[in-house]
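Everything below concerns the one structure shown next.
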Amino acid sequence: MMPVPDLIPALPELFLAVAAMVLMMVGVFRADRTSAVVSWLAVLALIVDLVLINRGPLARTVTFNGMFVTEQFAIFMKSLIVVGSAVSIVMARQYNERNRVDRFEFPILILFATIGMQAMVSANDLISLYIGLELQSLSLYVLAAFKRDTVRSTEAGLKYFVLGALSSGMLLFGASLIYGFAGSTNFDQLAKVLSSEAGLGSIGLIIGVVFLSVGLAFKCSAVPFHMWTPDVYEGAPTPVTGFFAVAPKIAALSLFLRVMIEPFGHLVHQWQQIIWAISLASMVLGAYAAISQSNIKRLMAYSSIGHVGYALIGLAAGSAEGVRGVMVYLAVYLVMNLGAFSVILCMERRGESVEEISDLAGLSKSQPMTAAALAIFMFSMAGVPPLAGFVPKFIVFMAAVHAGLIWLAVLGILASVVGCYYYIRVVKLMYFDTPAEALDPTAGGNAVRFVTAVTAVIILLFILIPGPLLATAEAAAASLFQG
Amino acid sequence: MILSALAFYLFAGIAVLSGLMVITARNPVHSVLFLILAFFNAAGLFVLLGAEFLAMILVVVYVGAVAVLFLFVVMMLDINFAALRRGIRQHLALGLAVGIVLLAELVIVVGAWAVAPEVAAHTAPIVNSAVTATNTQALGAILYTRYIYAFEGSGLILLVAMIGAIVLTHRARAGVRRQVISKQISRSRAETIEVVKVPTGHGI
Amino acid sequence: MANFLTDYLIPFAWILGGIILTVACLMGGMAYLTLFERKVLAKIQLRIGPNIVGPFGLLQPIADGLKLLTKETIIPSGANRAVFILAPMMTFILALTAWAVIPFNQYMVLANINVGVLFLFAISSLGVYGIIMAGWASNSKYAFLGSLRAAAQMVSYEVSMGLVLVTVLLCAGSLNLSQIVLAQSHGWFGVSWLPGWYVLPLAPMAVVFFVSGLAETNRSPFDLVEGESELVGGYFVEYSSMTFALFYLGEYMNMILVSAMTSILFLGGWLPPLNIEILNSPYLGPIWFVLKTIFVLFCFIWVRGSFPRFRYDQLMRLGWKIFLPLSLGYLLLVAFVLVYMGWLPKVA
């Protein structure tokens with residue numbers, strides 16, 4: 001009889017799972033008007049979860065027979081994810097009420113997705129990787145179709161589901177090839193097998209890694225596996241799109257980092273080319289395809305594809321510095337995107353949500369503060385110093401240069417210059433174009449406006465005190481390379 | 001043993017044939033029925049391997065529950081499979097190509113089995129082969145200890161699938177009268193019957 | 001050659017003999033079960049019942065059988081011939097197959113397999129196919145509606161039935177039916193002659209199992225599948241002669257099977273009512289077993305005579321909203337008590 005594994009390292013996940021199930025019971029058995037209660041309780045659960053995550057062991061701890069790992073890297077990434085989820089729930093409140101999709105399952109599905117994402121970050125085995133990924137994806141499919149009475153939301157959910165299932169299949173196929181050639185699904189064992197000469201030369205294993213990275217690239221919507229992103233972002237309800245743009249992306253990228261660095265770190269010369277190619281393709285496509293968009297959510301979709309490209313530069317570098325760059329990038333990206341989506345959630349005219357970029361024309365006249373905040377976010381996304389978005393871009397480009405990937409850095413800088421065009425176009429619309437009919441000044445509600453203000457201040461002032469984040473990211477990146 | 005070899009060829013042969021029939025049968029309902037036959041024979045193969053628990057679970061879950069729903073859907077939907085198949089000639093080449101690639105990869109996998117000689121050392125045997133435990137005990141003993149994380153995680157996935165199905169399809173219909181049995185039973189005589197004294201020749 | 005004889009032929013003949021004997025007993029039992037049912041129903045309704053053919057109507061089943069045999073088999077012109085013929089055969093064969101693992105006493109069992117309970121569960125979950133196939137192949141709306149109802153009903157009740165089985169095997173520590181019976185041979189409260197049957201500690205589960213059994217076999221009050229008054233006979237409207245007879249046989253066989261399962265799982269199978277030496281002889285085992293099975297069968301008929309048919313939504317409510325939580329809760333309770341008191345069965 002085997003002993004029961006140590007549960008303490010997985011305490012945050014266990015707590016969140018129990019909390020989600022309890023909240024479900026609350027939702028089911030309280031007759032009506034439950035979604036407000038459940039939403040706030042879910043936010044509370046996420047805050048407790050955040051505390052538990054940060055009180056967890058700093059040193060690398062493996063449990064559940066090697067299936068689950070936690071270290072500073074995991075703590076950093078999970079914290080970002082939990083913040084993203086909690087803010088998404090808060091921002092969704094008023095939108096859901098107004099659009100008559102105010103159901104208590106919404107925060108619960110976000111909680112389950114968060115558990116899945118935390119499991120992805122902590123995966124130390126191909127099996128637990130897949131389980132975390134599926135838990136997250138399944139919740140996201142449902143969330144995408146949450147506004148089930150509109151055709152577009154249903155379409156988004158279905159499209160996401162079908163393509164997501166396909167990518168899961170690819171990932172599983174890769175995982176089974178890896179298992180077949182290396183004889184283990186455990187990341188530590190894989191690293192050990194690959195450290196030997198015989199392990200490195202295996203073609204089948206490399207094919208498996210390729211399939212695995214295809215699946216992962218799909219999940220973080222890197223080109224050429226990005227096709228679902230614009231449609232799903234456009235069709236899903238806006239708060240869900242905001243959630244999609246932050247938390248799952250962070251989870252998928254941190255999984256990408258862990259899989260490539262930990263078990264397949266010895267194969268770096270093989271996968272570096274792949275990451276190089278998809279990173280460049282994502283940056284270029286994100287920059288050029290966004291130019292012709294008229295819908296703000298589609299624009300954000302292409303913007304997020306581009307950002308994934310920049311973040312992957314750090315992975316292509318394959319060094320601790322590069323990983324640190326990715327982590328800082330994701331932290332800043334989280335804040336920028338939450339801010340941008342909080343403004344998009346405020347876009348209402350006569351009580352109806354509007355999504356066209358042209359609807360923003362003249363916003364500086366009617367709502368100067370909101371316009372200023374959106375301008376800050378746009379400039380930051382474009383990477384204009386001294387705003388926050390500049391710092392991580394700088395770090396990843398430097399990491400690429402240090403790793404000898406000078407061409408990638410140069411092309412990335414060129415792509416970001418192109419990217420500036422469409423970000424700044426939004427700013428130009430708000431400040432210099434003739435105002436369309438004014439947007440509702442009170443739309444969105446206090447919570448969303450508060451998020452806008454806080455994120456704008458963070459983006460603006462980050463350059464003054466970047467130290468703590470950079471230091472934490474450095475320690476966390478170093479912890480990934482210990483294993 | 002000749003008998004077990006015979007049984008193997010019987011089960012395997014029927015499984016392959018019925019698998020073939022699944023994709024060639026004209027009537028979709030027949031396809032599902034052949035699929036069930038294939039499942040059944042797979043269960044038979046499991047029995048031959050001594051994995052009786054898996055065999056029974058395969059029958060209970062796949063044949064007894066999943067395939068019933070398949071059959072349901074196929075019977076209810078009026079799918080014209082002949083029309084769906086019309087384009088098969090154009091896509092045949094692509095499908096064959098994908099199939100051949102997958103087959104080639106499988107061959108590579110089998111051909112180059114265990115790249116590193118020390119692989120066997122890395123993978124500790126999961127169940128001690130000397131243990132005389134039955135199937136059920138052996139499976140339970142590792143599912144709830146070694147693989148508890150994956151097991152409970154799968155449970156969560158199924159829970160989310162259930163919530164998702166309810167969220168996306170359940171509608172509280174307005175204007176439906178519901179039967180509340182406790183209310184019906186707890187009605188008292190006083191609130192249902194009124195005894196009225198009717199004066200002769202007047203009515204109420 | 002001698003090798004071949006002792007290795008294959010004799011065991012084969014032995015098994016074949018057992019199968020033939022079991023099937024013969026079952027057919028006879030089933031035939032007289034119809035008579036039994038009619039007699040009991042008649043008594044409940046203050047009638048006399050069949051009493052013309054033979055003394056006390058004892059030859060009635062034979063007359064019925066002969067009648068069915070001599071009728072013409074009609075296959076509707078719109079029917080899917082192969083499936084139409086296959087459906088009753090499947091129902092009948094499955095009903096017979098399940099008997100392979102039923103122990104009549106400690107030694108009399110055709111196949112003493114380790115996963116006997118699961119085997120029975122698997123076979124009973126297959127029973128729905130005969131009905132669905134019949135309903136679909138008949139190409140008739142009444143038959144189709146009947147089979148749809150049957151499928152939903154059987155799948156629903158299987159869930160709580162499975163949970164009941166889990167509870168029993170938690171107490172017995174084995175999936176082997178003989179082991180489950182033997183686990184009930186220890187008396188209660190340290191008194192060795194009291195029967196240690198599971199019906200006492202697991203009373204709610206026994207009730208759930210019995211009622212789910214009614215639903216699984218589509219017996220009254222859950223006979224919506226046939227529902228003469230609404231579906232003019234349900235899934236077998238279009239069947240006649242022997243094809244109909246096979247359905248009829250299969251249905252009664254399933255009824256006997258569920259009764260036998262109830263008596264094995266909850267009423268101690270072949271164990272005597274009082275655990276004393278003289279009643280404990282292996283020769284008396286099958287008799288106790290048959291008596292218990294007949295008692296459960298009587299309950300089946302009793303329920304039929306007493307309760308009106310359920311409405312479909314009531315049936316679904318009972319299955320999903322009452323039985324499922326109840327059996328789940330009781331399972332947790334039993335597990336808790338067993339662990340807390342240290343009564344978990346010892347396994348190797």
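Since this is a predicted model, take the numbers as computed values, not measurements. Letters go in sequence order (proteins before strands), and every chain restarts at 1.
For residues 108-134 of chain A, the interface with chain B (any heavy-atom pair closer than 4.5 Å) comprises A/Ile108, A/Leu109, A/Phe112, A/Ile115, A/Ala119, A/Ile127, A/Ser128, A/Ile131, A/Glu134, sorted by residue number. Listed in order of number, the residues of residues 7-19 of chain B that approach chain A to under 4.5 Å between heavy atoms amount to none. Scanning residues 152-160 of chain B against chain A with a 4.5 Å heavy-atom cutoff picks out B/Gly153, B/Ser154, B/Leu156, B/Ile157, B/Leu159, B/Val160, ordered by number.
Contact of A/Phe104 with chain B is not made at all, since no heavy-atom distance falls under 4.5 Å. The part of A/Phe68 that comes within reach of chain B is its side chain, from C-beta onward, which places non-hydrogen atoms under 4.5 angstrom from that chain. Contacts of B/Ile148 with chain A are made by side-chain atoms alone, with heavy-atom separations under 4.5 Å and no backbone atom involved. Heavy atoms closer than 4.5 Å to chain B are found in the side chain of A/Ile207, but not in its backbone.
Contact between B/Gly164 and A/Val142 at its shortest, heavy atoms only, is CA-CG2, 3.6 Å. Counting all heavy atoms, side chain and backbone alike, B/Val167 lies closest to A/Arg148 at O-NH1, 2.7 Å. Nearest heavy atoms, B/Ile163 versus A/Glu105: CG2-CG, 4.0 Å.
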Check the pair B/Leu102 / A/Phe173 against side chain to side chain contact (heavy atoms under 4.5 Å, CB included), numbers first and verdict last. CA-CA 10 Å; B/Leu102 289 181; A/Phe173 185 61; 3.6 Å; yes
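Counting heavy-atom pairs closer than 4.5 Å to chain B, the top-ranked of the candidates A/Glu13, A/Met67, A/Met21 is A/Met67.
Remark: side-chain polar atoms of B/Arg146 are not paired, donor with acceptor, to backbone N or O of A/Phe64 under 3.5 angstrom.
Within 6.0 Å of the CZ atom in B/Phe53, the count of heavy atoms belonging to other residues, nucleotides or ligands exceeds 12.
Rounded to the nearest 0.5 angstrom, A/Leu7 CG and B/Tyr149 OH are separated by 12.0 Å. Here the straight-line distance linking atom OG1 of A/Thr154 with atom CG of B/Leu168 works out to 8.0 Å at 0.5 Å rounding.
Residues passing the side chain to side chain contact (heavy atoms under 4.5 Å, CB included) test with B/Phe40 are B/Val59, C/Leu126, sequence neighbours excluded.
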